[in-house]
Protein chains: 2
Amino acid sequence: MQWREYSTSNCGIARGLDVIGRPWALMVIRELFLGVRRFDDMLARLGASRPVLAARLRELVDDGIVRRVPYREPGHRQRHEYRLTDKGLELYPILTALREWGDRHAIDSEPSVVIRHRDCGAAVSTVLRCADGHGDLTVRDVRAEPGPGARLRTA
Amino acid sequence: MQWREYSTSNCGIARGLDVIGRPWALMVIRELFLGVRRFDDMLARLGASRPVLAARLRELVDDGIVRRVPYREPGHRQRHEYRLTDKGLELYPILTALREWGDRHAIDSEPSVVIRHRDCGAAVSTVLRCADGHGDLTVRDVRAEPGPGARLRTA
DNA sequence: CAGTATCCGGTGCGATACTG
DNA sequence: CAGTATCGCACCGGATACTG
C-alpha cells in the first residue's frame with residue numbers, strides 16, 4: 001500500500017489529538033478517571049499552574065469530554081466538580097493502552113496504579129481483536145487500507 | 001479510593017507522554033505504521049516543518065522507538081529510512097484506540113483509514129479484557145488501585 | 001476553595017537558506 | 001533527497017495577585 005497520494009486531513013488520530021493532545025489534557029483526564037474531581041485536588045496532584053488547569057478544563061468542557069456538575073457541601077456555598085461525559089469515558093482504552101506501554105517501557109520502578117476487573121480482581125489490559133473473534137492480534141496480524149472517507153491529496 | 005496522598009511521579013501515563021506526547025510525535029509514528037519511511041514523504045504528508053520533523057525523529061531514535069536503517073537504491077548513494085523498533089511497534093494499541101475514538105468523536109466524515117485482520121479481513125478494534133477472560137469490559141467494570149510502585153506524596 | 005487577570009520569560013516552531 | 005543552521009516571532013506556561 002502506498003499512502004503518498006492520500007490526504008491526512010480527516011485522520012481520526014490527528015483530529016483526536018486536536019482534542020486530547022494538548023499538554024496536561026490527558027493528565028487531567030487520568031485524574032478524572034481516578035475519581036479526582038475538584039479543582040484544587042487536581043492542581044495539587046498535577047503540578048500544573050492554575051491558569052493552565054482552568055484553561056484545559058474549559059476546553060475539555062467545550063469539547064464535550066468533561067461536564068461541570070454543581071454540588072453543595074453542608075455549610076458551604078455551591079461549588080462545581082468535574083466529571084467525564086460518555087464521550088470522555090470512551091477515552092478509557094486510550095488511557096489504558098498508554099498506561100500499559102508506559103508502565104512497561106517508560107518507568108523504572110513498578111507500576112504506581114493497577115487496573116482490575118471489579119468482579120474478579122484480575123488485571124485488565126487492552127487487546128487488539130478482530131470483529132470475527134480471532135483472538136488477540138498484534139500489529140503484524142493487521143493491515144491498514146484507505147477507508148470510506150479517504151481523500152486524495154490536493155497539493 | 002482516595003488518591004490525594006499518592007504521588008503521580010512514576011505514573012506510566014505521564015512518563016509515556018514524555019516520550020510520545022510531543023507535538024507531531026504520534027503523527028510521525030502513525031506514518032511509520034502505515035509504512036511511510038522516508039523523510040520527505042513524511043514531510044509532505046505531515047505538513048510539519050523540516051527542522052521539527054528532524055528533531056522528532058532524532059528524539060524518537062534516542063528513545064528507542066525508531067531506528068535509522070541504511071538502504072541504497074540502484075544508481076543512488078546510500079540513504080536512511082526510518083522504522084519502528086519492537087518498543088515502537090508496541091505502541092500500536094494506543095494508536096488504534098486513539099484512531100477508534102477520533103473516528104467516532106472527532107471527525108465529521110467517514111474514517112480515512114480502516115484496520116483489518118490480515119487473515120480474514122474483518123475490522124480490528126481495541127477491547128478491554130481481564131486476565132481471567134471475562135469478555136469485553138468497559139470503564140464501569142474496572143477499578144483502579146495503587147500498584148506495587150505507588151509512592152506517597154512528599155509535599 | 002475555585003477560579004480569573006495580568007505580566008513576563010523561555011522556547012518551540014515555521015520560514016528560509018544552506019550543505020552533503 | 002535528506003537533512004542542518006540561523007533567525008525572529010508567537011505563543012504558551014509559570015508566577016503572582018486579585019475576586020467571588
Side-chain angles (χ1 to χ4, degrees), chain A residues 2-5 8-9 14 17-28 31-32 35-63 66-83 153 155, chain B residues 2-5 8-9 14 17-28 31-32 35-63 66-83 153 155:
Chain A
Q2 290 297 342
W3 295 94
R4 203 159 308 168
E5 61 269 19
T8 60
S9 63
L17 285 175
D18 291 342
V19 182
I20 60 165
R22 291 228 243 301
W24 298 109
L26 274 178
M27 295 291 101
V28 171
E31 293 304 304
L32 294 170
V36 179
R37 293 167 183 154
R38 318 272 240 255
F39 189 90
D40 276 28
D41 286 341
M42 293 189 210
L43 198 68
R45 283 178 47 86
L46 290 175
S49 71
R50 279 181 178 280
V52 167
L53 177 56
R56 285 304 158 271
L57 283 169
R58 190 178 336 114
E59 293 154 8
L60 290 171
V61 168
D62 289 346
D63 290 329
V66 172
R67 62 201 158 104
R68 297 183 79 199
V69 182
Y71 74 97
R72 182 193 301 254
E73 283 183 351
H76 292 75
R77 65 175 181 78
Q78 172 165 315
R79 300 194 182 287
H80 295 87
E81 61 180 19
Y82 297 91
R83 289 172 175 266
R153 292 182 53 206
Chain B
Q2 289 298 339
W3 294 94
R4 203 160 306 168
E5 62 268 20
T8 60
S9 64
L17 286 175
D18 291 342
V19 182
I20 60 165
R22 291 191 174 29
W24 298 110
L26 274 178
M27 295 291 102
V28 170
E31 292 305 303
L32 293 169
V36 180
R37 294 167 182 154
R38 316 272 241 254
F39 189 90
D40 276 28
D41 287 341
M42 293 188 210
L43 198 68
R45 283 177 47 85
L46 290 175
S49 70
R50 280 179 178 282
V52 166
L53 176 57
R56 284 303 158 273
L57 283 169
R58 191 178 334 114
E59 293 154 7
L60 290 171
V61 169
D62 289 346
D63 290 330
V66 172
R67 63 201 156 104
R68 298 183 76 199
V69 181
Y71 75 97
R72 182 193 302 255
E73 282 183 353
H76 293 74
R77 67 176 180 76
Q78 173 167 313
R79 301 193 182 284
H80 294 88
E81 61 181 17
Y82 297 89
R83 287 171 175 269
R153 293 181 56 207

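All chains are named by letter (A, B, ...) in the order of the sequence lines, taking the proteins before the strands, and each is independently numbered beginning at 1. Keep in mind it's a predicted model, so treat the numbers as computed, not measured.
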Protein-nucleotide distance (Arg58(A), atom CZ; dG13(D), atom C1'), rounded to Å: 14 Å
Of Phe39(B) and Arg22(A), the one whose closest DNA chain D nucleotide lies more 5': Phe39(B)
Whole-Å distance separating the NE2 atom of His80(A) from the P atom of dG3(C): 8 Å
Residue-phosphate contact under 4.0 Å: Arg68(A) side-chain N/O, dA2(C) OP1/OP2: no
Nucleotide dT4(C), atom P - distance to CG of Asp40(A) in whole Å: 12 Å
Atom-pair distance (CZ on Arg50(A); P on dT4(C)), nearest Å: 11 Å
Of Val52(B) and Arg38(A), the one whose closest DNA chain C nucleotide lies more 5': Arg38(A)
Nearest-angstrom distance from the residue atom CG of Leu43(B) to P of dT4(D): 13 Å
Student check: side-chain heavy atoms of Glu31(B) and Asp41(B) closer than 4.5 Å: no
Sugar-phosphate only, base, or nothing, as touched by Pro51(B) at under 4.0 Å among non-hydrogen atoms: base
Candidates dG3(C), dG14(C), dG3(D) - which lies nearest the side chain of Tyr82(B): dG3(D)
Selected nucleotide, minimal atom distance to Arg56(A) side chain, candidates dG14(C), dC1(C), dG13(D): dG13(D)
Separation of dG3(D) P from Glu59(B) CD (nearest whole Å): 14 Å
Watson-Crick or G-U wobble partner of dT11(C), both distances under 3.5 Å: dA10(D)
Among dT4(D), dG14(D), dC13(C), the one nearest Pro23(B) by side-chain distance: dC13(C)
Test item: Met42(A) and Leu32(A) side chains (from C-beta on) under 4.5 Å apart, heavy atoms: yes
Interatomic distance where CG belongs to Leu60(A) and P belongs to dG3(C) [whole Å]: 13 Å
pair Asp40(B)-Arg50(B): side-chain heavy atoms closer than 4.5 Å: yes
With Tyr71(A), the side-chain hydrogen bond (donor to acceptor under 3.5 Å, both in side chains) member among Arg38(A), Arg79(A), Arg37(A): Arg38(A)
Test item: Leu17(B) and Met27(A) side chains (from C-beta on) under 4.5 Å apart, heavy atoms: yes
Length of the CG-P vector between Leu53(B) and dT16(C), whole Å: 18 Å
